[in-house]
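Have a look at the structure below, then the notes.
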Amino acid sequence: MEKEEWDNRTSLKEFLLLGMGNVPSLQTPLFLLSLIIYLVTMVGNILIVVVVVADQHLHTPMYFFLGNLSSLETCYSSTILPELLASFLTGDGTISAYGCMAQFYFFGLFVTTVTLLTMMAYDRYLAICQPLLYASLMSWKVCLQMAAGSWLGGLLISVLITSFISHQRFCGPKAIDHFCDFTALMELSCSDTTALIPVALIMSFLDLVFPFLFTLASYVCIIAAILRIPSSVGRQKAFSTCSSHLTVVNVFYGTLIIVYMLPRTPQLRQLNKVFSFSYTVLTPLVNPLIYSLRNREVREALRKALRKALVCTQNS
């Protein structure tokens with residue numbers, strides 16, 4: 001058999017996304033649960049973006065980055081959940097090879113812009129540890145450059161990795177546990193991945209490991225500075241300005257580390273799937289909840305927006 005014929009016969013045209021399992025009795029409850037999560041995620045994050053744009057008191061670097069993060073997570077959820085909802089509704093978990101590559105590309109684009117979390121940590125570091133230099137170091141021009149760099153960096157890295165992945169041959173089996181991510185596709189590849197793995201490791205270090213270490217270092221400095229504040233009221237006030245962001249960082253990186261550090265053995269397969277579901281589906285849901293419940297300024301802005309909406313409704 002010619003090599004080209006063999007390639008054509010063994011290249012998969014579609015993949016099977018297993019999702020949360022193929023138990024018919026659970027399809028309807030899982031569909032409803034996922035639909036509620038998706039709607040709350042979309043409404044919550046869009047509401048934060050609208051409030052940040054509309055309220056003049058939130059026109060600060062911290063809330064500018066929060067608005068970007070909420071925009072990111074609105075898009076991030078939309079790369080995974082619609083496909084999952086469709087599979088629950090129809091019972092068909094298949095996705096075309098092109099659809100899988102598109103999902104991988106957009107997921108990679110939006111997850112790599114997680115450097116926004118690092119920028120938010122840097123903003124809090126300057127506000128608490130360098131308050132006299134904050135206005136000059138975190139100007140609007142710098143904020144715009146940092147946000148643009150984050151989105152552009154995510155775009156370039158995602159294009160590069162997706163380009164490499166799309167040239168792989170996938171011979172089967174075609175089953176993917178949760179969604180089209182790098183690890184799952186590499187397990188299905190029957191091409192030589194020797195050159196791809198070092199590239200992926202370098203990209204992961206630049207866009208995930210380095211931002212995580214930078215965020216960690218920022219919070220070490222922040223906590224050290226807070227502990228040096230003599231009054232307990234001052235310490236509490238300083239910590240309250242970054243507690244919401246720190247919670248989001250812990251949730252995101254905690255589940256992400258578990259997913260990629262947990263051995264991919266048959267015994268731990270279901271547990272790995274649960275954590276994958278957590279960081280791809282639940283983390284975008286947690287962000288608006290944390291910022292609306294724990295952040296006083298966001299709560300006040302939401303109350304003002306709701307009051308205005310009620311007044312407009314009554315007048316009309």
Side-chain angles (χ1 to χ4, degrees), residues 36-78 110 113-131 134-135 137-148 150-151 215 218-219 222 226 233-252 281-316:
I36 291 169
I37 290 173
Y38 185 49
L39 291 176
V40 173
T41 300
M42 296 296 286
V43 170
N45 280 295
I46 291 172
L47 191 58
I48 284 183
V49 173
V50 171
V51 167
V52 168
V53 171
D55 196 306
Q56 293 288 332
H57 295 95
L58 300 184
H59 290 183
T60 63
M62 181 173 74
Y63 294 109
F64 169 75
F65 289 127
L66 174 60
N68 272 267
L69 182 64
S70 293
S71 301
L72 160 69
E73 292 192 331
T74 301
C75 302
Y76 177 72
S77 297
S78 298
F110 298 129
T113 47
V114 74
T115 48
L116 283 168
L117 286 174
T118 304
M119 294 172 188
M120 293 173 77
Y122 178 64
D123 173 75
R124 291 300 84 204
Y125 163 77
L126 290 178
I128 294 172
C129 301
Q130 305 287 340
Y134 180 77
L137 293 177
M138 193 56 72
S139 64
W140 277 110
K141 180 180 179 181
V142 172
C143 290
L144 291 171
Q145 289 173 342
M146 291 171 69
S150 175
W151 286 91
T215 303
S218 296
Y219 271 104
I222 289 170
I226 290 174
V233 175
R235 288 195 297 271
Q236 185 176 1
K237 184 177 180 181
F239 186 73
S240 67
T241 65
C242 57
S243 59
S244 299
H245 177 255
L246 184 58
T247 305
V248 172
V249 167
N250 286 334
V251 170
F252 180 82
V281 174
L282 296 182
T283 302
L285 172 67
V286 166
N287 177 42
L289 293 178
I290 289 174
Y291 275 101
S292 60
L293 294 175
R294 295 178 63 104
N295 191 291
R296 183 178 57 83
E297 290 179 302
V298 173
R299 287 201 307 270
E300 287 298 322
L302 285 171
R303 287 194 192 100
K304 289 179 184 177
L306 289 174
R307 281 198 295 267
K308 287 181 180 178
L310 288 173
V311 169
C312 291
T313 303
Q314 290 171 356
N315 291 337
S316 60

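When a residue number appears, it is its place in the shown sequence, counting from 1.
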Return all side-chain donor-acceptor pairs below 3.5 angstrom for residues 117-131, not counting sequence neighbours, or 'none' if the list is empty.
from: Thr118; atom 1: OG1; to: Pro211; atom 2: O; distance (Å): 3.2
from: Thr118; atom 1: OG1; to: Thr215; atom 2: OG1; distance (Å): 3.2
from: Asp123; atom 1: OD1; to: Tyr134; atom 2: OH; distance (Å): 2.5

> Which heavy-atom pair separates Phe64 from Ala147 by the least distance, and what is that distance?
Replying inline: CE2-CB, 3.8 Å

>> Counting only heavy atoms from other residues, nucleotides and ligands, does the tally under 6.0 Å from CD of Glu300 exceed 12?
In response: yes

> Could you give the distance from NE2 (His245) to OG (Ser218), rounded to the nearest 0.5 Å?
Replying inline: 9.0 Å

> Is Ser150 reaching over with its side chain to a backbone N or O of Met146, donor-acceptor style, under 3.5 angstrom?
Replying inline: no

> When rounded to the nearest 0.5 angstrom, what is the spacing between CG in Leu246 and CD1 in Ile222?
Replying inline: 8.5 Å

> When rounded to the nearest 0.5 angstrom, what is the spacing between CD in Glu73 and OG in Ser78?
Replying inline: 11.5 Å

> Which atom names give the shortest non-hydrogen contact between Phe110 and Cys75, and what distance separates them?
Replying inline: CZ-CB, 3.3 Å

> At their closest point, which heavy atom of Ala301 faces which heavy atom of Leu58, and how far apart are they?
Replying inline: CB-CD1, 3.6 Å

>> Under the criterion side chain to side chain contact (heavy atoms under 4.5 Å, CB included), I'd like the reasoning laid out for Asn250 against Thr247: C-alpha separation, chi angles, the key distance, then a yes or no.
In response: CA-CA 5 Å; Asn250 286 334; Thr247 305; 5.7 Å; no

>> As a quick check of understanding, evaluate side chain to side chain contact (heavy atoms under 4.5 Å, CB included) for Val51 and Tyr63, giving each step before the final call.
In response: CA-CA 10 Å; Val51 167; Tyr63 294 109; over 6 Å; no

> Does some side-chain heavy atom of Leu116 sit less than 4.5 Å from a side-chain heavy atom of Leu66?
Replying inline: no

> Quick one: ring-ring contact (aromatic ring centres under 6.0 Å, His included) partners of Tyr76, sequence neighbours excluded?
Replying inline: Phe107

> Could you give the distance from NE2 (His59) to CG (Asp55), rounded to the nearest 0.5 Å?
Replying inline: 7.0 Å

> In Å and rounded to the nearest 0.5 Å, what is the OG1 to CZ distance from Thr115 to Phe65?
Replying inline: 10.0 Å

>> If only side-chain N and O atoms count, and only distance matters, is there a donor-acceptor pair under 3.5 Å linking Ser77 with Thr41?
In response: no

> Measuring from Met42:CE to Ile37:CD1, what's the distance to the nearest 0.5 Å?
Replying inline: 14.0 Å

> Which atoms form the tightest heavy-atom contact between Asn68 and Trp151, and what is the distance?
Replying inline: OD1-NE1, 3.2 Å

